[in-house]
Amino acid sequence: MNSIETLIKNKWRYISFVAGFFLFVAPFALFTRAVYLIVGNTAEPTLHSVCYRMPIDWIFGGRFYSIFGSSWFMAAFVFGVIISSIFLGAAFCGWLCPVGGVSEAISRAVPIPNKFRLRIRDTKLTVSLRYGFLVGFIIVAALVGYKLASDQLGSICCRYCSSAVLQNLASALFGNLSAIEYWQSGAIMSLLFWLVIGGLFMSGGRGWCLFFCPLGAISGLAHKAGAKLGFYRVEHRPEACTGCKRCQDLCPMWAIKQDHNVERTLCVNCKECVSACKAYKLLRGRKIADN
Amino acid sequence: MRIIERAKAWWAFALAASAVPTSYLIAMPCGGACFGCPMGGSCFLAYPILVALALGAKGLRFSRRLVKKIKP
Ligand code: SF4
């Protein structure tokens, strides 16, 4: 299946990513703007208003007062995404996240053959790396939060942040060049890993999401728990499988194992495999009991 | 075989878990302003070089396979 066919078959997902951009990224940030309007917050909404990392950093750093303070909306958003992953799979990552959407779009738009792109075939290894990085993030959050490291170190969140890179690129694109001083080494390295290495040179274009997004990693765990409880999940049906392994190349999250089963901590319920192959089926609610 | 696979997974986990604090501490002196640290901005080059090496290794494997196929 070529990329145009993939694009047409999954058009709702790509439309949803475009909507995600307008909903969360300034100067639009329509979702955040609407919430701010309702609660009477006069701040200018940006992608930072729904930072994917800070609430996680606060929890592991023991700064609970931040969660219940003025940044309650940011915390509510992040916990909302995690809780929704129990019931709907990591649908925010797979359908709405502008950061993942942009890197995936770039990877699909630039026709570099897959043989020149990096990919780990062993899902166990990918999972180990993903959760290793999450634990590393938690260690730094705890060190900094509990002041075992000096205050000058600052938070781990903003030093390497693809959301901030996207927001600053979008601001520049829409005429706000005032953030030029943002482009320091951490920002350029994040840009490099998010779009060039993780986007262009990793198969599926989701390198950043796979390894460096703590919200994605925790949502993956929530999805795994939800699937065990019988909520939304993608299932492989061996009886309909021809063993062609095309699904493994299509899956942007490298979630399909060598035996074709789905690794739930990686799957973002994007349904690329479901739309491409009869052997994958989306199961939810009562249908799971029928299975 | 299973033990080797497990060891590989744990090794990758430990490596990733330690890489984050290490890279955070290495980048500490520059505080986000490049060339300010003792490494003189070499971290800038480290990531692209690592990826280039990985891609190079992949390319090498690919060309070896190609040569094998072409050989009579
Ligand atoms: S397993 Fe299927 S639904 Fe899950 S991330 Fe991969 S392609 Fe998407």
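Labels below follow one simple rule: chain letters A, B, ... track the order of the sequence lines, proteins then strands, and each chain is numbered from 1.
Shown here for A/Val135 and B/Phe13, the closest heavy-atom pair between the two residues is CG2-CZ, 3.6 Å. Minimum heavy-atom separation, A/Val140 to B/Pro21: CG2-CA, 3.6 Å. Closest approach of B/Lys8 and A/Leu125 over heavy atoms only: O-CD1, 4.0 Å.
With sequence neighbours excluded, the residues forming a side-chain hydrogen bond (donor to acceptor under 3.5 Å, both in side chains) with A/Arg121 are A/Asp249, listed by chain and number. For A/Phe133, the ring pair (Phe, Tyr, Trp, His ring centres under 6.0 Å) criterion is met by A/Phe212, not counting sequence neighbours.
For a residue to count as touching a neighbouring chain, one of its non-hydrogen atoms must lie under 4.5 Å from one of that chain's; by this rule A/Leu118 touches chain B with backbone and side chain alike. Using a 4.5 Å cut-off between heavy atoms, A/Arg117 contacts chain B through its backbone alone, with no side-chain atom that close.
Among B/Ala16, B/Ala17, B/Ala19, the residue making the largest number of heavy-atom pairs under 4.5 Å with chain A is B/Ala16.
Enclosure of atom NZ in A/Lys124 is not indicated, since only 12 or fewer non-hydrogen atoms of other residues, nucleotides or ligands lie within 6.0 angstrom.
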